Structure formats: structure tokens, C-alpha cells
2 protein chains.
Amino acid sequence: MDMGERKRQILHSVINEYIASAEPVGSRHIAKNLELGLSSATIRNEMADLEEMGYLEQPHTSAGRVPSDKGYRFYVNELMSDYQLSLKELDMLKTMMKFQIGQIDKVMKSAADFLSQFTHYTAFMTSPEMKQGAIKTVELVPIDATSMLIILVTNEGVMKNKRVIIPQNVDTDFIHRFSNLLKEKLSGLTLEEINVVKIQEIKEAMQSHFEMLFPVLDFITDIIEDVRKETDVYVSGTTNIFDYPEYKDLGKAREFLEFLDDKQSVTKALEEPYNEKMQNNDSQKSRVRITIGKENGLNVMQSSSVVTANYYMGDRVMGKVGIIGPTRMDYSKAVAKIERISNYLNRVLSELYYDDNKE
Amino acid sequence: MDMGERKRQILHSVINEYIASAEPVGSRHIAKNLELGLSSATIRNEMADLEEMGYLEQPHTSAGRVPSDKGYRFYVNELMSDYQLSLKELDMLKTMMKFQIGQIDKVMKSAADFLSQFTHYTAFMTSPEMKQGAIKTVELVPIDATSMLIILVTNEGVMKNKRVIIPQNVDTDFIHRFSNLLKEKLSGLTLEEINVVKIQEIKEAMQSHFEMLFPVLDFITDIIEDVRKETDVYVSGTTNIFDYPEYKDLGKAREFLEFLDDKQSVTKALEEPYNEKMQNNDSQKSRVRITIGKENGLNVMQSSSVVTANYYMGDRVMGKVGIIGPTRMDYSKAVAKIERISNYLNRVLSELYYDDNKE
DNA sequence: TGTTAGCACTCGTCGCTGTTGAGTGCTAAC
DNA sequence: GTTAGCACTCAACAGCGACGAGTGCTAACA
């Protein structure tokens, strides 16, 4: 059985209706809404076909039809039209963009917060991936006689720091000299390039009278290890799910919220590999990726969809922004909004990047 | 009517029972449990008295009795016995304490995470209050020709940083000299002492050839302003509330979670002034403070209780740790556990403090 | 051959009903 | 002052029928 134009129209209508109402859609309703001059009986036949083909499902015998994951997938790939942001929405965006304040992590957080308010779904943002980040500078700041701060700045403008206790008293000048040496040795290396071997090399290259500061080098490997592992996820607007009847069941809501609370599992969910079923004609151009229901392996996520976009600094992928919501999601709005946000982030970050390369 | 020993015993028993079962307690049950050799009818009379006195309430005519806020308050102040941690609990604590890793904010977070698992309620932690913190050091780290990082370290070991763009090219050495100057001028001042006037003074004291770096000073005021306003709350274990039947209603759960999501309102709830009704004989010695139901002004919190303790560095209050849960809370366990955690924090922070004063 | 009207059937939802049981308050006797 | 007894209250629950939205099938129609 093949998907004629009429079936497409009916499927489209069912999905639109269901997205709006959250209630199973009946043939009568479609017959009225869609002005094809067809009776409900005919629609009924077509819908039975669509069900057989796997695009629709019936919660129970005498209920209307509900889109299946496959149905949504077809909708997303073939039927969905581009959503044009309303004036009000554009205005919100504009206001938000005024808050381009300096610190990178704050930009991130506020973007995620905004996205959750903007879409009414739960928004998330993964922190910049730093594996390929290069070290811009290393600085040792003495705090007192026995402790100092190690500060690492990468070329993404990200900064990590750690306080270190030194066993012996060391004078400030000495620390400065050591600091300069480190800067010289480490600047420009990517985080991937700095490994145990490299550190050993540096140790050997140093005069032995720096020996007492060798623990500092070990701390640096620690920090880098931390940074590498650290894929922070920031989640915003978790309570938005209460707006959707699919989570009206306490158990469902709980499951979902517990899932979001566990950053590790969220990260895992977002790392989910791109699989063939998810291919989407639009994805190349829009860079927005959609995972529907069971397409995502996780149990908890079976009735949720995830819409994400990467964001970039220059050409390098930095992380992901996106939303999580019920499979019955307004995909076209979601895509349009996420596209905007990711473009916004690209712009802000590219400005930073540009600054960096001005030297 | 006065509260005789028998009434106290009955009230105690009702509350214990209710805390354990979450179900209205009947006279028959008490008669059996409490071995006073009294019949349920007698207990019934006493309970009617306790209700008249305001310590108990009846959800509806033919249900058992439930403690009122006043009842809990009496329980907390007069009846409750000290809870002795079990071996298993002590062991958990021990394990947790091994994670005393360096960075102050990580210690905080892991303490809150632990507390929520330990108590099964929702835990929170307010970030160190820094108003009275003194500046330990200021450092300017050049990143490239047109930008640098301002790093502020306070004597609590807290660190703030901000990236700053400088309009003109300035050489590294120049920045270093300026940095040293700043360090000299600002070190030792408390955040409260640094205000616009002070900054102006510094500007004037500087030679005019530093003029181009004056914007940096303005950024410093910005950061300090940020730090002052910033009373970060870290909340952990929000989904624990799903374990308690008082939140089995979706609306209730939602309300509660939305409240916790809004950091500002949480901060406000915790700032709630100490009011006379809350006076507690134990509070001086234990430093644990309990707010029961409506004692806390907020609407959302009418059926929740908050148990908090301050934590200190040396003699100075740094912030609060605590838990939020239903008024039907196991107060004695809660108090015991929070006491431990706050002691632990005091110890960890005092070590930092001690380190700082070693110089 | 595709479309449609008609009809029997399914099944979840809603409101009503009666039953059950836990718990109370009151009264009268101890 | 205590208690046994009893009538009363009320939430929770299960059973029941009416309702209605929606279906699938069949037979008639263009």
C-alpha cells in the first residue's frame, strides 16, 4: 500500500489536531476540518489503512487515532511546514539577546532558561566540549605561604581553577618563575595533547630545584582530567512538563523528573548516536536534530522527544542546546525556536572567538 | 485546661504514630500501643481535649486525629527525644567525609547531595555569604592583547573571575605593574568596604598613565556588586518529595517543585525572620532551627517544614544547610543529621580558615 | 470501483448507589 | 474518673447503567 496525497493530507491533519488537543482524533472530526468533500466513512477507511501502515495507533477499539512514533517521524520529515515566529516571539528573542553579558557560562544558563520559557518545554544545554580546546594560559596565584591557585584558561574563554596546598614554604618570586615556565611549556597545547607522558617530559626538562613544585604538575593533570570528563548539562524548566497531560500521572512525572535530576543519564541520552531511522531531509540545512520516542534507546524516554542543535564557535562544535518534551510536541515551532537560539549562540561565541584571534 | 502527663504521653504517641504512618491515628490504636491500661474511650476523651486545645486536628468527623502545627511545635520543643544515629548511618557519614576534596563549592554541593540522600528529604544549601569577606588577592591575567581576566580571591577561598576587554593594546608588563598596584590597594579590604568612593580614591592615587585601565576598576566594582547580591542556593533531591503521600496530588507536587525551581523565592523563604512562636529550648545548644508549616509565611510552604542550621567558618556565619519536607517530618532524625552535617562543614571550613591564618 | 449511509458494536467516562469499616461522641453504668 | 455500648458519620470502594464518541462492516449508490 502506498501513501497517496490524500493519505498524506489526512495524516497531516490528524497529527496537527492531536498536537493541539492531546486527544485521540476521530474520523468525523477530520471530515469536518479538512475540506476534501469526503465523508467520515471514507476517512475512516483511510485511517484504517494508515494504522495498518504503522503511522497511526488506536489507544482502544472505540477511541480515535493517535500518531505513532513512525507517524511523527513521517510528519517531521515530509509534512511539517516551517514555522514563522510571530512578532511577539521575535520581540521576546530581541529582549533576550540584550543580555549578552560577558561570562560564557552565564550566557549559556540564560539561553537555556530563556529557551524553556520560550518553548514551554524543558530546555537543556550541554557545556562546551573542551577536548580540543587549547590552553591559552596557565597562571599560578599565590594565596598564602602554603597554598596557591592554579588557573587554566582555554581559548574558548573557559576557566578552571583549583586551590593547591604546597607542603613547604615557597617564596612568591619563586612561584612566579615557575608559573612563567609552565606557561611557556603548556600554552598552545590542546587538552588532548597533555597527558602523563607530556607532564613527565616537562618534569625532566625542569631544573631539579623546582622539584618541590612537582605536585603542582600532578594537580594540573587532575584538573585537565576533570575538565575532560566534565560534560556539564544545565537543565531548565523541568516543571514545564506539568503542563502536558502525558505527564498527568504522578509516576510518569516522577520518572521524568528523576531522569532529569541525574545529569549523567541526561548526558547519556544526548550522546545517543545518530541512527539511520532518524534521517531527516531538513537536517543538513537546519542542523536541528529530532529524536522521537523510542528512537532514543532509553526506557524513560519512550514517550518523550528530544530536539537539539549543536552550537559552534567558529567551525568547532561546542555543545548542544535543545528541548525535551512529549512526543506530541509542536515540532515545527520547536525547530524554529531552537534554530534561532543556536544561531544566537553561534554569533555570541564567534565574537569571542574573533576576539581571540585578533592578536 | 492544662497539659497533664497523660495528655503529653498521648500526644507524643499520636505524633510518633502519624510521622511513621501518614495516616490519621485513632483512639483504639493508641490504647493498644501505649500501655497505660486505659481503654480507647478514655483516650478518646483525652484526644478530644487535645483537639480543643489546638494540638490535634480532625480531617473529618469519622477519621482519626492528625497533629496540628501547634502540636508539632509542642512535640519539637518538649517531647521529642534525641535521635541516635545508627551504625549504618554513621558509616554513611564516614564514607561521605572522605570526599573532602579541595574546592569549596564542590564540598558544598556534595554535602547537600549527601544530605538529601541521607534524610530522604529535599536538601538545600545557601552559598557562603560574602558581605564580610575580605579580599585576599586580586590578579589580572592577560589573555591576549585586548582582553584579560580579573580574578578576585577572598579569604574564604572563594574565587570570582570575569573577562574584560580592553580598548587599547597594552603590554603584558604594564598589566603586571597595574595588577600589583591593585593588589596592594585592595588586599585586606572587606567587600563592604569597597564602594564607589574607595574606587575613586584609588583612581586618584594612581598615576594618570594608568588611565586606560580605569575601566578595569569599574569592572571590579561590578564583580563585587555581583558577589554581594549573589546568594546562591543549591537544592538537591527535589524528587524525594514523591515519596511522601502529602505530595501525591499533582497540583501540590507541582507547586512545591516550582517553588524550589525559583531560587529567589527559596532564598526568601530561608531568610524568614526568627519569630517568637518558633522559640525552642534546644535551639541554643543545638543551633538547629525548625520552622513548621504556617510559621513560615509563604503560601506554598503551609504544609511543609524547614529544618536548618547555620554553618560557620571560625566564628562567622557562612550560610545555611537544611532540609525541606512535609510538616509530618521525622524531626528528631532530621535534627540529628543536620547537626552532623553542619559540624562536618564547620570542621572542613575551619581547616581552610586555619590554613589561611598560618601565614 | 470508489464513496457513502446506516447500523451494530466496543469501550472509556461519569454519576449514582449501596456497602463496608474505621472512628467518633454521647450516655449510662461501674 | 473510667469504660462498655451504641448510634452516627463519612471516606473509600465496588457495582451498575446510561451516555457518547468512535469504530468496522455491509450494502447500496454513482
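Computed from a predicted structure; not experimentally measured. Per chain, numbering begins at 1; letters A, B, ... match sequence-line order. Side chains included, hydrogens not; waters and symmetry mates left out as well; all remaining heavy atoms used.
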Does a nitrogen or oxygen in the side chain of B/S27 sit under 4.0 Å from OP1 or OP2 of C/dT24? yes
Give none if C/dT1 has no partner; otherwise give the nucleotide forming a Watson-Crick or G-U wobble pair with it, both distances under 3.5 Å. D/dA30
Could you identify the nucleotide paired to D/dA21, looking across every strand shown and requiring Watson-Crick or G-U wobble geometry with both distances under 3.5 Å? C/dT10
Presence of A/T61 side-chain N/O under 4.0 Å of C/dC11 phosphate oxygens OP1/OP2: yes
Can you find a side chain N or O atom of B/R44 that sits less than 4.0 Å from OP1 or OP2 on D/dC6? no
Please report the C-alpha distance between B/R254 and A/D243 in whole Å, then the side-chain angles of each, then the deciding distance to 0.1 Å, and finally whether the salt bridge (charged side-chain N to carboxylate O under 4.0 Å, His left out) criterion is met. CA-CA 10 Å; B/R254 175 181 193 155; A/D243 286 335; 2.5 Å; yes
Starting from the 5' end of DNA chain D, give me the residue, B/H60 or B/L38, whose nearest nucleotide shows up first. B/L38
Are B/R28 and D/dA4 close enough that a side-chain N or O sits under 4.0 Å from OP1 or OP2? no
Closer than 4.0 Å, any side-chain N/O of A/R65 to the OP1 or OP2 of D/dG24? yes
With a 4.0 Å cutoff (strictly under), does any side-chain N or O of B/S62 reach OP1 or OP2 of D/dC10? no
Donor-acceptor under 3.5 Å (B/T238 side chain, B/L257 main chain): no
Would you please say whether a donor-acceptor pair under 3.5 Å links the side chains of B/Y247 and B/S303? no
Name the closest nucleotide to the A/M47 side chain, picking from D/dT23, C/dA5, D/dG24. D/dT23
Under 3.5 Å on both distances, the Watson-Crick or G-U partner of C/dA28: D/dT3
Does a side-chain N-to-carboxylate-O contact under 4.0 Å join A/E246 and A/R328? yes
